[in-house]
Amino acid sequence: MTNDHMNYAFFSANLHHYVPSIPWEEHNALYSIFKKYHIPRNPALYGATITGLDKMTRAGILTGFHLGQHELLPLYLAGAGIDFDILISKKVYQKYRHSLNLHRTSLEVADRHFDFLFAEDKYIVLQMKRALYSGRHILVFADGNLGTGDIDGLLVPVSFFNEKLYVRRGIAFISHLLQVPIYPILDKLAGDNVNIAIQQPIYPTFEVGRTDYIQDCMQQLFDLLSDRLNGKWADWACWDYLHRNGMLCLNDSEDASIELLNPEHTFSFHVESKTFILDRLNYNIFVI
């Protein structure tokens, strides 16, 4: 069951953790915008403009972010004639199975097609290699934080606004392992049109070691995201759950016992019969 007050509490805490320059009193208005923006969209009501297709010279990893149009993005990319498969977790697939398969069916009618590759599959690296070497791209969302041991699910820290974000490095790992480019994708809604921009590719080379390439590549991807979000904070779907998917790592040494007395950054919410107080400054939570 959705608990809107709890979701707001963590949205606010996460936003402040990374962008403390936004005053606390502005968080509620931003959360209202956030909720209205991140809703299912009917593809029949929107058009799309795609730029940068000429940059995709060979099969690679199409890398998007959860910017509100992530459900529509595969439809528009396939409609532009791009051949690709989607890397997705089984959990996400099961949650959105109905709508995802409806979209896939609509494309098959138009003689377009994409398949789902599941990140948990023990043969996922082989499946991705087969797809890429046959000329099909792989679409993945860098901020989904999905991964397994087979695609190197280790986390690497990247600078993100005022703090560090811990992200899975599988995208860069596969890029270097198979020597295929990464094509970052940014999207933005403008009225009833989705503007999709293919950014400059990130190319691996064997001259740059895998560890260095992974760190640099993931930083480049999240630099693009931070530039995209600057001033458009509500566009990112991850603000209210990045504390649950491993992206946020807190400093355990902080002691906020005195700061808790400041009502400016404490927020209470109810879960069933219990009342919780969250110190949004450092994530200390209390039951009363």
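Everything quoted here is computed from the prediction, not taken from an experiment.
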Item to check | Any Ile185 side-chain heavy atom under 4.5 Å of Thr63 side chain | outcome: no
Checklist entry - Which is it for Ile202 and Leu221 under the side chain to side chain contact (heavy atoms under 4.5 Å, CB included) test, yes or no, and what are the steps along the way? => result CA-CA 9 Å; Ile202 302 172; Leu221 288 172; 4.1 Å; yes
Next on the checklist: Once rounded to the nearest 0.5 Å, what's the spacing between atom CG of Leu224 and atom CD of Gln199?
Outcome noted: 5.5 Å
Checklist entry - What is the distance from atom CZ of Phe118 to atom CD1 of Ile86, rounded to the nearest 0.5 Å? => result 10.5 Å
Checklist entry - For Lys55, does the NZ atom sit with more than 12 other heavy atoms under 6.0 Å from it, leaving out its own atoms? => result yes
Next on the checklist: Among Tyr18, Phe161, Phe11, Phe34, which residue satisfies the ring-ring contact (aromatic ring centres under 6.0 Å, His included) criterion with Trp233?
Outcome noted: Phe161
Checklist outcome for this item: Closest heavy-atom pair, Ala59 versus Pro181, reported as atoms and distance to 0.1 Å, is O-CD, 3.6 Å
Item to check | Distance-only donor-acceptor check, side chains Asn14 and Tyr283, under 3.5 Å | outcome: yes
Checklist entry - With a 6.0 Å cut-off on ring centres, are Phe141 and Phe65 close enough? => result no
Checklist entry - Side chains of Asp83 and His137: do they bring a donor and an acceptor to under 3.5 Å? => result no
Checklist entry - Quick one: does Arg210's side chain get under 4.5 Å of His176's, heavy atoms only? => result yes
Checklist entry - Would you say the ring centroid of His27 lies under 6.0 angstrom from that of Tyr31? => result no
Checklist entry - From Trp236 CH2 over to Leu229 CG, what is the distance, rounded to the nearest 0.5 angstrom? => result 7.0 Å
Checklist outcome for this item: Residues Ile50 and Ala80: closest non-hydrogen pair is CD1-CB, 3.7 Å
Item to check | Same cluster (ILVMFWY, side-chain, under 4.5 Å), Tyr203 and Ile138 | outcome: no
Item to check | Ser175 and Tyr213 side chains, donor-acceptor separation under 3.5 Å | outcome: yes
Item to check | Ile61, Ile124, Ile174 screened by side chain to side chain contact (heavy atoms under 4.5 Å, CB included) with Leu87, the one that passes | outcome: Ile124
Checklist entry - Okay, side chain of His66, backbone of Asp235: is any donor-acceptor separation there less than 3.5 Å? => result no
Item to check | Cluster link Tyr76 to Ile39, ILVMFWY, side chain under 4.5 Å | outcome: no
Next on the checklist: Is there a continuous path of hydrophobic side-chain contacts, each under 4.5 Å between heavy atoms, that joins Leu177 to Leu126?
Outcome noted: no
Checklist entry - Tell me, do Leu77 and Leu62 make a side-chain contact under 4.5 Å, heavy atoms counted? => result yes
Item to check | side chain to side chain contact (heavy atoms under 4.5 Å, CB included) assessment of Asn245 paired with Asp143 | outcome: CA-CA 10 Å; Asn245 66 3; Asp143 51 356; over 6 Å; no
Next on the checklist: On a heavy-atom basis, which atom in Ile198 and which in Leu53 lie closest, and how many Å separate them?
Outcome noted: CG1-N, 4.2 Å
Item to check | Plane angle bin for Phe160 and Phe222 - parallel if under 30°, tilted between 30 and 60°, otherwise perpendicular | outcome: perpendicular
Item to check | Ala172 to Met218 - nearest heavy-atom pair and separation | outcome: CB-SD, 3.8 Å
Checklist entry - Any sub-3.5 Å donor-acceptor pair from Glu120's side-chain atoms to Lys90's backbone N or O? => result yes
Checklist entry - Looking at CD of Glu264 and CG of Leu281, how far apart are the two atoms once the value is rounded to the nearest 0.5 Å? => result 9.5 Å
Next on the checklist: Quick check: do Leu73 and Leu67 have side-chain heavy atoms less than 4.5 Å from each other?
Outcome noted: no
Checklist entry - Given the rule in the side chain to side chain contact (heavy atoms under 4.5 Å, CB included) test, do Leu15 and Leu30 qualify, once you have shown the distances and angles that lead to the verdict? => result CA-CA 10 Å; Leu15 184 62; Leu30 283 170; 3.8 Å; yes
Checklist entry - Can you check whether Tyr8's main-chain N or O pairs, donor with acceptor, with Ser12's side chain at less than 3.5 Å? => result no
Next on the checklist: Quick check: do Leu154 and Arg168 have side-chain heavy atoms less than 4.5 Å from each other?
Outcome noted: no
Checklist entry - Going through the checks in order, is the side chain to side chain contact (heavy atoms under 4.5 Å, CB included) test met by Leu178 and Leu132? => result CA-CA 9 Å; Leu178 302 182; Leu132 288 162; 3.7 Å; yes
Checklist entry - Mind checking whether Lys164 and Cys249 have side chains closer than 4.5 Å, heavy atoms only? => result no
Next on the checklist: Restricting to non-hydrogen atoms, name the atom on Phe84 and the atom on Ile82 that form the minimum distance, rounded to 0.1 Å.
Outcome noted: CD2-O, 3.3 Å
Next on the checklist: If you take the centroid of each ring, where Trp contributes its six-membered ring, are Phe267 and Trp24 closer together than 6.0 Å?
Outcome noted: no
Checklist entry - Which pairs count as side chain to side chain donor-acceptor pair (under 3.5 Å) when at least one residue sits in residues 215-225, sequence neighbours excluded? => result Asp216-Gln220, Gln219-Asp223
Item to check | Residue pair Met128 / Leu117, side-chain heavy-atom distance below 4.5 Å | outcome: yes
Next on the checklist: Rounded at 0.5 Å granularity, tell me how far SG in Cys238 sits from CG in Leu248.
Outcome noted: 12.0 Å
Item to check | hydrophobic_cluster_shared for Val287 and Ile285, side chain cutoff 4.5 Å | outcome: yes
Checklist entry - Do Trp239 and Ile33 share a hydrophobic cluster, counting only Ile, Leu, Val, Met, Phe, Trp and Tyr and linking them when any side-chain heavy atoms are less than 4.5 Å apart? => result no
N/O donor to acceptor pairs below 3.5 angstrom from side-chain atoms of residues 186-195, sequence neighbours left out:
unit_1	atom_1	unit_2	atom_2	d
Asp187	OD1	Gln69	NE2	2.8
Asn193	OD1	Ala48	N	3.3
Asn193	ND2	Thr49	OG1	3.1
Asn193	ND2	Asn195	OD1	2.8

Next on the checklist: Do the side chains of Asp115 and Arg136 get close enough for a salt bridge, i.e. N-O under 4.0 angstrom?
Outcome noted: no
Checklist entry - Minimum heavy-atom separation for Tyr37 to Gly68, with atom names? => result CE2-CA, 3.9 Å
Checklist entry - Are Leu155 and Val167 side-chain neighbours, meaning at least one heavy-atom pair lies under 4.5 Å? => result no
Item to check | Atom pair CZ (Phe10) and CG (Leu278), whose distance is rounded to the nearest 0.5 Å | outcome: 5.0 Å
Checklist entry - Leu165 pairs by side chain to side chain contact (heavy atoms under 4.5 Å, CB included) with which of Leu225, Val158, Val156? => result Val158
